[in-house]
Asker: 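Pasting a structure here, questions to come.
The figures here come from the full heavy-atom set of this structure, side chains too, leaving out hydrogens, waters and symmetry mates. By convention in this document, chain letters (A, B, ...) are assigned in the order of the sequence lines, proteins followed by strands, and residues within each chain are numbered from 1.
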Amino acid sequence: MVKLWKNNAVLWLFCAGIILFGIFTNFFLSPLMNDIFTNGCITLVMVLGLQLFMGNSGILNWSYMGFVAIGAFISGICSMPVNLKEQALPAMYPFLQQINLPFPVAVLVGIAVAVLFAGIISWPLMRLSDSAGVITQFALLIVMNVILLQWEQVTNGPRTFTMGAMKTTNLWIAMFAGIAVLIFVYFFRETTLGLKLRASREDRYATLACGINIVAVRYQSFLISAGLGALSGSLWSHYILSFTAKTFYMTEFFMILAMIIIGGSKTVTGVVSGCIIVTIVRKSLQQVEIGLQMTGMTEITLAIVMIVFLIWRPNGIFGVKEPQIFNNPSDFKIKEQYEKTN
Amino acid sequence: MDTLEVNGISKNFEGVQALQNVSFSIQNGEIFGLIGPNGSGKTTLINVITGLLPPTAGSVTIAGHNASHIPPYKVTRLGLARTFQSIRLFKDLTVYENVEVGYVGIGGKRKEAQQRSEQLLSEIGLIDLKDQLARELNFAHQRRLEIARALCSKPKFLFLDEPAAGMNETETKSLLEYLKTLPATKNLGVLVVDHDMSLIMNLCHRIHVLNNGTTIAEGSPEEIRHNPQVIEAYLGDTHE
Amino acid sequence: MNFNIILEFSINTLALGSLYALISLGLVFVFGIMQLVNFAYGEYIMFSGYLLYFLGVFTNLPWFLVFAISILGGAIIGFLSELVAFRPFRGRSLEALFVSSFAVSLILQNTAVLSVSPRSKAVDLPAIFNEAVQFGEITIPIRNLLTIAVTIILLVGLLVLMKKTPLGIAMRAASENFPAARLMGVPANLVISIAFIISGFLAGVVAIFWSARSGAVEPMMGQGPLLVGFIAVVIGGMYSLTGSVLGGFAYAVLANLLSMFLPNELLSFRDAFMFVIVITFLVIRPQGLIKGTYTEERVG
């Protein structure tokens with residue numbers, strides 16, 4: 001049991017840090033900081049969901065944002081009061097207007113629909129690697145986006161989907177979700193599924209030679225990732241309360257991609273750090289943008305930073321192994337023995 | 001008694017006949033050598049048997065089960081493990097994790113994989129490096145790691161594709177000693193492909209010789225050494 | 001059906017197909033050699049489009065000079081982007097290249113937003129682009145005829161380049177088997193740079209005809225052609241130049257037919273249909289209609 005604490009000390013440190021900061025922010029800091037923190041936790045869930053698949057499989061799943069969108073819309077539809085839907089979203093299918101479920105159930109339904117859709121559509125995609133894989137994922141995103149953008153009776157089409165004035169997601173819910181997903185995605189790496197997926201990232205042929213059905217492994221992981229994406233979408237929709245399909249598209253994907261690249265795609269600690277860094281940079285730059293009237297500066301800066309990191313530090317800040325505090329093999333001892341046996 | 005049977009394997013690549021009617025069988029407990037000049041089709045044959053390529057004709061059975069025209073991961077699960085000529089390790093996984101994958105891959109549980117990994121790494125002499133990333137190992141250690149990973153799946157048959165390539169004399173000798181013990185200690189049959197003639201002659205019980213995709217000889221090391229067709233095939237290609 | 005309507009439809013579809021063929025050719029040049037899906041390609045088009053806008057609206061240069069400079073601009077931005085954002089990744093993982101091309105695309109888009117305006121700007125084109133010509137009972141916009149003519153000229157030119165010149169042969173060798181080509185003395189940097197220059201050049205030409213259709217330029221204008229290019233390349237064949245051209249025409253025919261025959265409620269989903277077709281192709285026949293000559297890595 002002690003091993004559980006020692007081996008994963010950095011993880012627990014992060015969790016404690018997030019909890020403490022959350023408590024501090026809630027009682028002592030401004031509404032703006034509360035907003036940033038809550039947003040940050042929701043984004044953390046989103047980026048972790050992406051990392052679970054992309055970081056461990058090496059496949060860029062562009063389509064991820066589509067599942068975030070599904071979670072957002074479906075959970076919103078399920079949780080909104082009936083009369084609010086009839087007023088604000090008159091074009092919606094009556095049977096959808098009549099649904100009214102408590103928030104947690106609505107979130108679960110959102111996740112279920114996303115996972116179901118992923119389950120039906122993604123199996124053939126999992127055999128594609130390299131360029132064909134990337135293009136297909138991209139194409140899938142476009143398909144999902146167009147459908148969500150045009151299907152008036154479900155998403156209000158290109159018009160804003162408004163969910164009323166009451167934010168259901170608050171700081172505590174976001175924080176709890178963030179911590180829970182952080183722990184989940186961290187330990188996913190160490191499960192048999194996680195290990196197999198990570199192997200498939202390193203060398204496809206060797207993975208096959210080890211008896212692993214890569215398609216099945218990718219498929220299961222993709223579904224989990226889609227579910228987490230839908231979860232983050234549900235939290236987000238119940239926070240920002242008005243959005244369209246365009247909200248869950250390229251720009252936001254780019255942001256979480258930047259977090260993964262800068263922090264390091266192969267480790268969870270890397271992704272968390274990336275999330276913190278990019279959130280800070282983004283919020284600061286946005287203030288500058290407004291002040292100097294220079295829209296677009298945030299994206300340009302982050303894009304340049306991303307390219308720089310890709311060139312010089314492709315494994316991000318933390319590299320490929322989760323950092324250890326207590327169990328670092330004594331490098332000197334290893335080096336000694338290594339040289340002796342050679 | 002487990003047998004791996006290769007029956008009349010032919011492989012045609014859009015007009016190029018890479019393999020023609022190759023047949024042999026490997027028994028549990030023996031070390032079987034596969035040799036031939038460069039381009040004779042050895043690696044293609046291995047890729048066909050391990051399922052990476054479908055044969056144009058012929059079949060493979062492993063311990064009585066059909067092993068042809070099935071995906072490579074299923075071939076492994078029938079009890080055939082392999083190493084690669086160009087060393088295919090999981091570079092950014094640790095040495096420990098690399099070996100674990102060997103067991104987890106065929107459906108094993110992580111806990112047991114960890115135990116087996118410890119044991120195999122100790123046997124093969126890499127236990128002190130277990131937390132290093134595979135990419136940090138030197139060449140000879142990487143080859144050993146690949147073998148450990150293959151052994152972790154408790155295979156009935158082990159295919160080694162140029163296991164000593166790039167090693168110096170001492171390393172090769174040490175590997176040779178270790179490989180000799182495998183059929184008995186691990187209860188398996190081994191197939192070795194290599195260009196190092198002294199390694200092959202020293203290690204193998206039987207040798208099968210390919211040239212231009214067809215079999216030109218099969219027999220004991222002594223027989224092969226004196227076979228005129230083999231000598232002719234290697235003219236200009238000797239490694240002794 | 002009325003013969004005239006069919007003729008009109010055919011010619012206009014031919015024009016659209018020509019445009020799409022040019023778009024997909026631009027993508028395939030880079031893809032063939034580097035297996036890179038260049039997300040920034042759309043922005044090469046946008047860049048040329050904006051040059052067109054600035055030169056056309058703010059200067060008095062003669063049209064052929066305006067066009068020449070815009071097209072040259074496209075070629076240059078293609079060349080520069082390779083130097084800065086793709087060359088450092090040579091030999092690295094494909095994901096890094098994709099992410100990099102995505103980043104470049106965003107940088108260029110936002111630079112346009114930042115330096116000009118997030119809103120669209122009307123382009124000034126020679127009057128001839130807005131006129132139409134009468135052939136008996138059918139009306140054909142002149143720009144469609146121009147598109148077809150320019151495409152034919154460029155296709156012939158590229159064909160000659162690829163089949164008859166040493167450079168073209170080197171490029172084809174590089175796209176079939178890059179490492180082997182290098183070993184045989186093909187200068188990697190030169191070949192790749194030329195591929196990007198041609199890609200940017202084609203983007204410049206596309207920019208002229210694309211903005212002629214919409215009458216304006218805006219920061220996101222590259223997205224439309226990019227998606228077209230994706231679809232055309234996948235359907236026609238990712239590893240073959242003729243394939244990509246075919247794909248362009250096939251897409252134009254398919255898109256126009258869908259527009260004509262889809263029930264009204266489903267019309268807005270037309271793009272979704274197109275991409276579902278893309279996905280289907282990738283899953284069932286990833287090499288597209290025309291199989292190319294790319295050899296995958298040998299396993300050993």
Side-chain angles (χ1 to χ4, degrees), chain A residues 3 7 55-56 58 127 187-218 264-267 270 314-316 318-324 326-342, chain B residues 46-47 50-52 71-84 86-94 97-111 113 125-138 140-141 146 149-150 152-153 155 159 161 170-171:
Chain A
K3 265 208 144 186
N7 284 354
N56 295 319
R127 15 179 116 254
F187 284 109
F188 173 80
R189 285 177 102 241
E190 307 298 328
T191 60
T192 40
L193 182 60
L195 189 59
K196 290 187 207 178
L197 190 65
R198 286 162 58 209
S200 78
R201 176 180 192 165
E202 300 300 316
D203 191 310
R204 285 207 306 274
Y205 296 112
T207 308
L208 288 171
C210 286
I212 297 173
N213 183 350
I214 296 185
V215 178
V217 165
R218 285 178 180 168
S265 60
K266 292 194 181 187
T267 63
N315 285 316
F318 278 106
V320 301
K321 277 205 292 184
E322 301 285 353
Q324 298 280 352
F326 289 106
N327 281 327
N328 270 316
S330 163
D331 284 325
F332 183 68
K333 182 163 164 231
I334 293 290
K335 217 169 168 255
E336 232 176 53
Q337 293 186 336
Y338 201 65
E339 260 130 46
K340 257 198 262 169
T341 49
N342 284 11
Chain B
I46 303 236
N47 284 345
T50 56
L52 279 168
Y73 73 89
K74 285 197 182 161
V75 175
T76 309
R77 289 178 181 210
L78 282 176
L80 172 54
R82 72 171 286 183
T83 64
F84 292 86
S86 49
I87 304 186
R88 289 180 172 269
L89 287 173
F90 304 123
K91 292 219 153 82
D92 280 335
L93 296 187
T94 62
E97 285 171 329
N98 264 272
V99 182
E100 280 187 89
V101 176
Y103 189 64
V104 161
I106 55 161
K109 294 267 180 283
R110 191 100 199 265
K111 244 202 154 13
L126 294 174
I127 193 68
D128 288 325
L129 301 170
K130 69 178 179 129
D131 285 320
Q132 302 289 89
L133 291 178
R135 65 164 71 245
E136 292 166 5
L137 261 52
N138 74 23
H141 284 165
E146 233 197 340
R149 180 181 70 189
C152 203
S153 63
F159 277 25
D161 198 346
T170 346
E171 290 163 348

Asker: In terms of heavy-atom pairs under 4.5 Å, which option from Leu208(A), Asn315(A), Asn213(A) contacts chain B the most?
Answerer: Asn213(A)

Asker: Counting heavy-atom pairs closer than 4.5 Å to chain A, which one of Leu80(B), Leu133(B), Val75(B), Thr50(B) comes out on top?
Answerer: Leu133(B)

Asker: In the structure I gave you, are the side-chain heavy atoms of Glu146(B) and Leu89(B) within less than 4.5 Å of one another anywhere?
Answerer: yes

Asker: Can you list everything that forms a salt bridge (Lys or Arg N to Asp or Glu O under 4.0 Å) with Asp203(A)? Sequence neighbours excluded, please.
Answerer: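 Residues passing salt bridge (Lys or Arg N to Asp or Glu O under 4.0 Å) with Asp203(A): Arg88(B).
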
Asker: Quick test of your reading of the model: are Glu202(A) and Arg135(B) salt-bridged, counting only N-O distances below 4.0 Å?
Answerer: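 No, no charged N to carboxylate O under 4.0 Å.
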
Asker: Heavy-atom pairs under 4.5 Å with chain A: which of Thr94(B), Leu78(B), Ile106(B), Leu93(B) has the most?
Answerer: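 Highest number of heavy-atom pairs under 4.5 Å: Leu93(B).
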
Asker: What part of Pro72(B) gets within 4.5 angstrom of chain A, counting heavy atoms only: side chain, backbone, both, or neither?
Answerer: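 It is both, since atoms from each part get that close.
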
Asker: Counting heavy-atom pairs under 4.5 Å to chain B, which of Ile214(A), Val217(A), Thr207(A) comes out on top?
Answerer: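 That would be Thr207(A).
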
Asker: Please name all residues satisfying side-chain contact (heavy atoms from CB on, under 4.5 Å) with Glu171(B), sequence neighbours left out, ordered by chain then number.
Answerer: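 Once residues adjacent in sequence are excluded, the partners of Glu171(B) under the side-chain contact (heavy atoms from CB on, under 4.5 Å) criterion are Ala140(B), Met167(B), Asn168(B).
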
Asker: Looking only at atom types and distance, does a side-chain atom of Asn98(B) sit under 3.5 Å from a main-chain N or O of Phe90(B), one as donor and one as acceptor?
Answerer: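 Yes, Asn98(B) side chain to Phe90(B) backbone: donor-acceptor pair under 3.5 Å.
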
